Amino acid sequence: MKGLSVLKLGGSVITDKTTPEAVDTDTLETVVETIGSAVTSGESASTTGHERQTSAERSKKDIGNLNHHSHAEHEGLIIVHGGGSFGHHHAERHNVSTTTGTSDAAAIWEIHDAMRRLNDTVIEALHAVGVPAIPVHPLSVATRDENSTLEIPIDPFSRMLAQGYVPVTHGDIVIDSQSGATILSGDEIVVSVAEGLTADRVGLCSTVSGVYDDDGSVIPKITTYESVADVLGDSETTDVTGGMAGKVRTLLNLEMPAHIFGPTALTEFFAHKQVGTSIQ
């Protein structure tokens, strides 16, 4: 889909992963304000002086009047967010990962409920800055087959985009034909959706400026995992989806360029500039 961007907001960006179910409100507000400016800039340029308003001027009472047709100006955006201190802590407590499953309905609900509540928070923040965001909950639509291959329908995303909405989905727990239910990482969703819709580019907004080398400098480009295997360590906080090493491995499977960058580079990403570490 020409012009489509798939943006992943890392769980560590929008939550405090050291404290269970703690939203990093300041960072979330900063990030969504940047997204709001990118999404609504074209809409503002196409309205009359009477209609024109900035995202900051749009209040929560106007949420019901969001102009979903703004998609025609901002080219198309899908947002995926990680679990952060919401999903990961519950998944770890129940010993559930991308490969180890559970058949306990209460555990499945608890993990999904935490992610749903975080998704609600993200969407409310996006609405407050004028982004016509609507949720897509993977538990209800995605599965893993007998070979643990992810199956996630693309048509709902395509139809939402065609109507001008911004789909907002998230890491979740999904039914697995072999293991009851397993964790579906946001990074996996990014790859599936980006490839399924032939996105132009992918961005992973993380707490770091990119992938660092041994000297602490950002590696500008990664083309093979072997070239950075020695510098990719484990995540310092609980992450059942593989940390930075898992992200790099996953993104290397993409056919389009992907970038890992920090929140301060989000504006440049929307401006189609080279940011952080490019993976391709």
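No experiment lies behind these values; they were computed from the predicted model shown. The chain is numbered in sequence order, starting from 1.
Side-chain atoms of Thr277 come within 3.5 Å of backbone N or O of Ile219 as a donor-acceptor pair.
Closest heavy-atom contact between Gly130 and Thr40: O-CG2, 3.6 Å. Across all non-hydrogen atoms, the minimal contact from Leu150 to Ala142 is CD1-CB, 4.1 Å. Looking at every heavy atom in both residues, Thr169 comes nearest to Val136 through OG1-O, 2.8 Å.
Judged as a side chain to side chain contact (heavy atoms under 4.5 Å, CB included), and not counting sequence neighbours, the contacts of Glu21 are Phe86, His90, Ala114, Arg117. Remark: Thr19 pairs with Asp16 by the side chain to side chain donor-acceptor pair (under 3.5 Å) rule, at least two apart or across chains. Not counting sequence neighbours, Gln274 has no partner by the side chain to side chain donor-acceptor pair (under 3.5 Å) test. Scored by the side chain to side chain contact (heavy atoms under 4.5 Å, CB included) test, Thr224 finds Glu226, Ser227 as partners (sequence neighbours excluded). Not counting sequence neighbours, the partners of Asp155 by the side chain to side chain donor-acceptor pair (under 3.5 Å) test are Arg159. Qualifying side chain to side chain contact (heavy atoms under 4.5 Å, CB included) partners for Ile134, counting only residues two or more places apart in sequence or in other chains: Met160, Tyr165. With sequence neighbours excluded, the residues forming a salt bridge (Lys or Arg N to Asp or Glu O under 4.0 Å) with Arg116 are Asp113, Asp120, listed by chain and number. Every side chain to side chain contact (heavy atoms under 4.5 Å, CB included) that Asn95 has, sequence neighbours left out, goes to Thr100. Residues satisfying the ring pair (Phe, Tyr, Trp, His ring centres under 6.0 Å) test with Phe270, not counting sequence neighbours, are none. For Asp24, the side chain to side chain donor-acceptor pair (under 3.5 Å) test picks out Thr27, with sequence neighbours left out. With sequence neighbours excluded, the residues forming a ring pair (Phe, Tyr, Trp, His ring centres under 6.0 Å) with His112 are His137, listed by chain and number.
Side-chain contact between Val39 and Pro132: present, with at least one pair of heavy atoms (C-beta onward) separated by less than 4.5 Å.
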Margin query: Applying side-chain hydrogen bond (donor to acceptor under 3.5 Å, both in side chains) to His81 and Asn119, what does each step give before you reach the verdict?
Written below: CA-CA 8 Å; His81 66 79; Asn119 184 252; 3.1 Å; yes
Item checked: side-chain hydrogen bond (donor to acceptor under 3.5 Å, both in side chains) assessment of Arg144 paired with Thr149 -> CA-CA 5 Å; Arg144 294 191 193 277; Thr149 300; over 6 Å; no
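Residue pairs satisfying the side-chain hydrogen bond (donor to acceptor under 3.5 Å, both in side chains) criterion with at least one member in residues 248-265, sequence neighbours excluded, are absent.
Taken from OG in Ser209 to CZ in Phe261, the straight-line distance is 11.0 Å, to the nearest 0.5 Å. In this structure, Leu126 CG and Glu33 CD are separated by 10.5 Å, a value rounded to the nearest 0.5 Å.
Checked for salt-bridge contact, Lys247 and Glu188 miss the test: no charged N lies under 4.0 Å from a carboxylate O.
When each of Thr30, Asp26, Val32, Thr25 is tested with Leu28 by the rule side-chain contact (heavy atoms from CB on, under 4.5 Å), just one qualifies, namely Val32.
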